[in-house]
Amino acid sequence: MHYRLLPALCALALLFSACGTASPASGEQERSLGFFAMDTYMNIRAWSADEALPAELEAVALDLEARLSVTREDSEVARLNREGSAQLSEDTAGLLRRALALCAETGGALDVTVYPVVRAWGFTLGEEDRAVPPPEELAELLSRVDYRAVTLEGNRAALPAGAELDLGAVAKGYTGDRMAAALRDAGVQHALLDLGGNIHTLGTKPDGSDWHVAIQDPRGEGLLGVLSVSDRAVITSGGYERYFVDENGELWWHIMDPATGYPARNGLISVTVVGGEGLVCDALSTALFVMGPERASEFWRAHRDWDVELVLVTENGTVLLTPGLSDRFSLSSGDYGIQVIPDG
Ligand code: ADP
Ligand code: MG
């Protein structure tokens, strides 16, 4: 009886070996490339027969940077900010449409018009030029912050006087999605994209096991823990990435609370979002950081159909995990305790 299964099993085995890492016949092997884009170091590892693929992905990232960067004078976003209205490319308009919807969905915790405030704090400049702005200045700038005032008709965007757009909180997540899509189109089944700590995993590792993605300890030099995932984006916003310490020894970071004009200090020091789409994960990593642990947990419960999982790190040393990650996260640091966020 069983011997009749044998040919089928052999065929399956062949199929798997053809997808495996060392497949000299197809020429498939690890192709890697590191480069600088979007103010960060990006690294690509893709298992493919096509030697030129990593350079094509680099071109995707550089092209999106050229169009989305708020600081590059010739970008679409800079032109919109300068001229108050602009005809956008299909990609940029599509990203803006999604970003505005996410601003609304997060109740303005994500606000793509917070840029004047970010600039006033000096986060677009070097560390020595960062300082706490005077409250009157912040109040004036805050009056210009409101994503609801951005209009998008077709691909034509317009801003009210004084408002400025910054897609920095979502651009890297979107770029990772575009790079992953290019890999899928090329038939790649295993890849790891690292966009400055924003991780996109495509499929599993070539041996069929999950990728291990490290999360940085927001209070120290080492690791907080490791996530086991496949075919997911893992995107972190942390207070430790870009910050300065003022003359009173107080620490201020680059994630703003659009409700106050001050860096968000609502109980979280790091937020990791795991999900199928980098754009959504990137938007939520910023927005949930702003919300703080209770509102973030509530948001997650109200959006179970988004199929995202969270690692929230509180300032008093608790790692809050959504239930779907309890078997996928292993804690590396002894300085934290784990709690699972109730799903009901
Ligand atoms: P990073 O780019 O460091 O990975 P984020 O994805 O959290 O981190 O994006 C932070 C960037 O987004 C900031 O540098 C700033 O330009 C912008 N930003 C800060 N706060 C907000 C906010 N509440 N909503 C939208 N954009 C924000
Ligand atoms: Mg973000």
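Remember, it's a predicted structure, so these values are computed and weren't measured experimentally. All ligand and atom numbering here is 1-based and tracks the order in the structure.
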Exercise. Is it the side chain, the backbone, both or neither of Asp111 that has a heavy atom closer than 4.0 Å to ligand 1?
Worked result: backbone

Problem set entry | Location of contacts on Asp166 toward ligand 1, heavy atoms closer than 4.0 Å | side chain

Exercise. For ligand 1, is there an atom lying under 4.0 Å from some heavy atom of Gly197?
Worked result: no

Exercise. Can you tell me if Asp91 and Ser89 form a side-chain donor-acceptor pair at under 3.5 Å?
Worked result: no

Problem set entry | Distance-only side-chain donor-acceptor flag, Tyr243 / Arg130, under 3.5 Å | no

For this session: List for me each residue that meets side chain to side chain contact (heavy atoms under 4.5 Å, CB included) alongside Asp74, sequence neighbours excluded, and say none if there are none.
Result: Arg72

Problem set entry | Contacts of Asp307 that satisfy side chain to side chain contact (heavy atoms under 4.5 Å, CB included) - sequence neighbours left out | Arg232

For this session: Look at the aromatic rings of Trp121 and Tyr262 and report parallel, tilted or perpendicular, splitting at 30° and 60°.
Result: perpendicular

For this session: Considering the heavy atoms of Leu110, write down every atom of ligand 1 situated less than 4.0 Å from one of them.
Result: 24 (N), 25 (C)

Exercise. Going by the atom numbers of ligand 1, which of them fall below 4.0 Å from some non-hydrogen atom of Thr286?
Worked result: 5 (P), 6 (O), 7 (O), 9 (O), 21 (C), 22 (C)

Exercise. Are Glu65 and Lys172 within salt-bridge range, i.e. N to O under 4.0 Å?
Worked result: no

Exercise. Cation-pi between Arg144 and Tyr115: NZ/CZ under 6.0 Å from ring centre and within 45° of the ring axis?
Worked result: no

For this session: Work out how many protein N, O or S atoms lie closer to the Mg ion (ligand 2) than 2.8 Å.
Result: 4

Problem set entry | Partner residues of His212 under the ring pair (Phe, Tyr, Trp, His ring centres under 6.0 Å) criterion, sequence neighbours left out | none

Exercise. Which option out of Pro258, Ser237, Ala169, Pro263 puts a heavy atom nearest to atom 12 (O) of ligand 1?
Worked result: Ala169

